[in-house]
Amino acid sequence: MDNAMKVRLLETMLNIRKAELQLAILYKNGKVPCAAHLYEGQEAIAAGVCAQLRVDDCLTSTHRGHGHCIAKGMPMKEMIAEVCARKTGCCGGKGGTMHLFKPDIGVMGTIGIVGAGIPVATGIALAMKMQKTDRVAVSFFGDGAANNGAFHESLNLASVWKLPVIFVCENNRYATSVAVWRSTSVEKIGDRAASYSIPGVTVDGNCVDEVYAATEAALSRARTGQGPTLIEAVTYRVRGHYEGDDAAYRKQGELTEAREHDPIEYWKQKLIEDGVLREEDFAALAAKAEAEAEEAAAFAVDSPFPAPEEALILTAQI
Amino acid sequence: MDNAMKVRLLETMLNIRKAELQLAILYKNGKVPCAAHLYEGQEAIAAGVCAQLRVDDCLTSTHRGHGHCIAKGMPMKEMIAEVCARKTGCCGGKGGTMHLFKPDIGVMGTIGIVGAGIPVATGIALAMKMQKTDRVAVSFFGDGAANNGAFHESLNLASVWKLPVIFVCENNRYATSVAVWRSTSVEKIGDRAASYSIPGVTVDGNCVDEVYAATEAALSRARTGQGPTLIEAVTYRVRGHYEGDDAAYRKQGELTEAREHDPIEYWKQKLIEDGVLREEDFAALAAKAEAEAEEAAAFAVDSPFPAPEEALILTAQI
Amino acid sequence: MARRIRFIEALREGMRQEMERDPSVFIMGEGVGPHGSAFKQTDGLCAQFGEERLRDTPISELAIAGTAVGAAMMGMRPIADLMWIDFSMLAMDQICNQAAKLRYISNGQVKVPLVYRMSTGKSKSNAAHHSGSFYSWFINTPGLKVVLPSTPNDAKGLIISAIRDDDPVIYLEHKLLFNVRGDVPEEPFAIPLGVAEVKREGTDLTIVATGAMVGFSLTAAEALAKEGISVEVIDPRTLMPYDGATILTSVRKTGNLLCVEEGFRYCGFGSEIIAFVVENAMDSLRRPPRQLTTMHTTIPFSPPMEDYVFPNPERVAAAVRALLKSEA
Amino acid sequence: MARRIRFIEALREGMRQEMERDPSVFIMGEGVGPHGSAFKQTDGLCAQFGEERLRDTPISELAIAGTAVGAAMMGMRPIADLMWIDFSMLAMDQICNQAAKLRYISNGQVKVPLVYRMSTGKSKSNAAHHSGSFYSWFINTPGLKVVLPSTPNDAKGLIISAIRDDDPVIYLEHKLLFNVRGDVPEEPFAIPLGVAEVKREGTDLTIVATGAMVGFSLTAAEALAKEGISVEVIDPRTLMPYDGATILTSVRKTGNLLCVEEGFRYCGFGSEIIAFVVENAMDSLRRPPRQLTTMHTTIPFSPPMEDYVFPNPERVAAAVRALLKSEA
Ligand SMILES: Cc1ncc(C[n+]2csc(CCOP(=O)(O)OP(=O)(O)O)c2C)c(N)n1
Ligand SMILES: Cc1ncc(C[n+]2csc(CCOP(=O)(O)OP(=O)(O)O)c2C)c(N)n1
Ligand SMILES: [Mg+2]
Ligand SMILES: [Mg+2]
């Protein structure tokens, strides 16, 4: 990884963080019409994976998908405006926080049904293979989704067909209020790869370099026709399940501990140690990201709502 | 395993074999109103597992479930009459070949949807545990079912809740026309147990002693609150997928080879070698099973069909 | 003794009282345990009954639904919370192929007494994957009963009946109703399944409405009364089997029928009721019956569009006026 | 040039010709490859197009349906064979939550051109898990089109339209029809979705029937003609969106309506058509409309019981007679 990439990873993480924090404010101010699931604390995963994707590679994501969109290159404005239900959002206000699309840069949908994006990504990879490209599909999903049948069926199929897809399981230790150990029968979700005869790794999802390295290996497999890989990236959901959730179910001290292992802080220190970055560079990058996020938020709030009747556009005659 | 048990296993296998062969004849003679999936060649699995079950242990099974019913103690007459759609069948003609029940001996249903019996057995085990019994549930299913989401979700849940259930995957090398290696991403389905942190074994499903031993271990785990086990029993489907299927998709020589490893023949030889059985004992047992099967077939054919209006009994007001 | 409590409290009280009465009743689902469920439906129950009887599950809808089937066959009375009705699409096989059918195909040797609870309908910008109201699928499935209460009282009386019923019952909880208040007796009571309630009497037109549509219709009826239009509002409460007799009696009296239905139009509950009424009492209809439903589109996220596609009290009133103005 | 071929051959020919024309079309499902599918629908296609385009799958209905969605979004035109409609219950989320909705929620940025093929309906003692005809669920879902051909000609013309359509289409194959013969043009042709066909003209009563019920109704009409009763038989062919205009025209002419529907009654297609007709043309109905459906019960296995619960030509004729004798 060269220095430019190192900085880019930091920038992406900062962009995601700042965008999410803006959304938290917008939510508090009543500008987001429904509960939203924020990605704070998991930025290293979206950043580390997407940094290596080409614009024509594709992803699917989940209810907690804002970060993946930003990392894949969606302008903050379009994401935030969509979450704020505006006409200028990436789906014109039809999708919302759990349904973000921008296919021309490979965002093939964040999906509100847990696990449902996994077979969809598998199908995207199938098309890529049948079309004889070297494009790659990535499916982001949570630890909770790894207990759903969609996970099992998709990984099996992708393996049998040697599809160019990377399954990225973000283990943030919770599925709503349920701690991962209470619902998941395996210590490392990455180990489930063995059931499908594909490589599986478990990395620290708060260390962007680890995520990056795992993705690099998976990508090279995928691009060269060797099939899928499962990456488990262990992280922690520092916010509630959704904005407004007080997360009273957390274990004592858990959150504080997690906050101490912040992915941005980790990477910043690393880059400073490596001499790639100075404190003031970081401050500048953070300020830039924050400014962009504020601007995007202002753009969203200033944008019009769609007209009521637009609801019926694209509904065809049925 | 004592000698009585050894002979009992042989008897059970013979009973299943003879009953199935009667059904093949009945089918040819137009006495079975639909295609039926016969169990010939897999008898060691039903026999080896069920021999150790108590009458209050329960099982669920599949479209290929006649053998499990016999092994669990269903009188041949009731099974064959049901497959022949008679009023005297175990479900009064309502169920049919893919839907056999006899809950008072623990046959909680053979189910026509692939994989669907797996969560049902899991729930049976949950009840057994909540009711503070030491009863055990067994789910029989095929290699094909092991690629279905129901498998994954159930094994995970059963492991998390440490339920007294044994998952028995009968790998007969085919799911309809599709060979197992063409649809299944793992060499040994038993290895998938690791995804759920439960023991998984792969045994020769044509060797009833291997099946018996694996079940013994699984049962003792289940009865003592240690949770589920996955047993893969490798066998071969010597008939077509259903009666009438010419199975043209088989590989050259495959069938002949499988026929040479017949589970009944194997066990017979073993018992003769061990001095437990003589040729003439075997002949007598086979004749007895055949007579019983013939009698059951005659009973079925002589039995009345249900009256048309019986269709509406149990339909409640809705 | 009745007192004013919220819908969600009434529902919870019904579950609590049944759990106290019958040790075979238990609840399973994602977050039903210590957390008390997505909408706090089971708040406090885990503290009372423990995690054995309030079982948090993985996100495995198929296994949740199927595990409930197996447990029910063995004499338990599971209440499986599938959260949003939308997620039940992952469990349709266990609900409609297994739970609904096993009693029949076993020739009555097993029964499957369970409740599938699901939240349903519009809320605030819940968007395409969390706004479902496709319960017509369950109505279409022999072997299932379907319940959709519109008041706290009905919520309690119907959950108790649903739990006690020996067949699988789909119990729908409308998200807009959780905080609605009403009088509810403290002691346990059962509202029989299959019995409608006339929520308002009237003489000019019959509205058949369910769930949140009942309140909308009552609001509309209030407004219309000032215009001299007398509307009768019937809430079937049980959608399957529905109380055809009460509906027919009303239509015979008023001569006019409007179905207000949050589900989609095609093969929906509104179409069903209209078909039922004309098959059985066409002669009593003075004008063509009508239905007001959610528009036939995927549900959009943004409030203006979302509001546009759903029924509301004003639209109900407008539909009544239009119907009464239509040619007899 | 038309020649007499079987339904299944017509269906296969339609798929073959589209696969020849458009390299983005492919077929996936359990056993669709070398084996040629459960009912031999794809017999020979694998030899022609290879296993890349006739993809055998594991028994993973959810993944099959979802993989089709992903591939379709990327410009492929998958035909996913789910075998029996009954198994689609395992894939409802991908069919009704994803395939049906993604074009809409993406605001048209993606489209999802795919076909889900499923065999449907009664056959010989297929019993509770293999006799489904619950396509009303799909009709109820915005974003889906639903097709159910009753003749070889329609089978071919509709599969071609289904494949070419830019939205997901549910293509239903009735098991009793696979071997029915009829005239079918050799060259490719498309029957537009949403267009009914009057399969027999008549003046006394309109039957709306689909799938195998069309043949039953024609047989009944033949018998009734001898009694002097003239029946018009309309096959909507596309169940969603259905051709309301053709149905209304017919009912305005005959004044009487019978729906013959293999699905269940409650919230079924029969109820839908009756509701639609009375909402739009009640004044033209001389007698209350009726429907003949499969009885509302899980499907029993044994032939006498099975025959008892399904419609058949005699029952159709009896229903027509009863309707015409009912009070006007
Ligand atoms: C199939 C399905 N079941 C349940 C839900 C409700 N739900 C939304 S998010 C969520 C938890 C998801 O956990 P995980 O996959 O770990 O993702 P995370 O929220 O931690 O990012 C649940 C249960 C849903 N949306 N879809
Ligand atoms: C969910 C589902 N999909 C497809 C089918 C059709 N089907 C019936 S049996 C079968 C093959 C099952 O294979 P396996 O599980 O290996 O059992 P076996 O037939 O080999 O005993 C299939 C695909 C079905 N009944 N249910
Ligand atoms: Mg999580
Ligand atoms: Mg098999």
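In what follows, chains carry the letters A, B, and so on, assigned in the order in which the sequence lines appear, proteins first and then strands, with residues in each chain numbered from 1. For clarity, every value in this text was computed on a predicted model and none was experimentally measured.
- The candidate from B/Ala116, B/Pro308, B/Cys84 with the greatest count of non-hydrogen atom pairs under 4.5 Å with chain D is B/Pro308.
- Shortest non-hydrogen contact noted between B/Asn148 and D/Ser60 is ND2-CA, 4.3 Å.
- Contacts of residues 299-310 of chain D with chain B at a heavy-atom distance below 4.5 Å involve D/Ile299, D/Pro300, D/Phe301, D/Ser302, D/Pro303, D/Pro304, D/Met305, D/Tyr308, D/Val309, listed in sequence order.
- For B/Thr97, the parts lying under 4.5 angstrom from a heavy atom of chain D are both the backbone and the side chain.
- Environment of CD in B/Glu187: sparse, with no more than 12 heavy atoms of neighbouring residues, nucleotides or ligands closer than 6.0 Å.
- Of the atoms belonging to B/Ala307, it is backbone heavy atoms, and not side-chain ones, that fall under 4.5 Å from chain D.
- Taking the side chain as every heavy atom from C-beta outward, B/His99 and D/His129 approach each other to under 4.5 Å.
- For the pair B/Val114 and D/Leu90, the minimum side-chain heavy-atom distance is 4.5 Å or more.
- Heavy atoms from other residues, nucleotides or ligands lying under 6.0 Å from CD of B/Gln252 number 12 at most.
- To the nearest 0.5 Å, atom OG of residue B/Ser183 and atom CG of residue D/Asp56 are 9.0 Å apart.
- The closest side-chain heavy-atom distance from B/Thr176 to D/His35 is not below 4.5 Å.
- Surrounding NZ of B/Lys102 are more than 12 heavy atoms belonging to other residues, nucleotides or ligands, all under 6.0 Å away.
- Heavy-atom minimum distance, B/Gly112 versus D/His130: O-CE1, 3.4 Å.
- Other residues, nucleotides and ligands contribute at most 12 non-hydrogen atoms within 6.0 Å of the NZ atom of D/Lys124.
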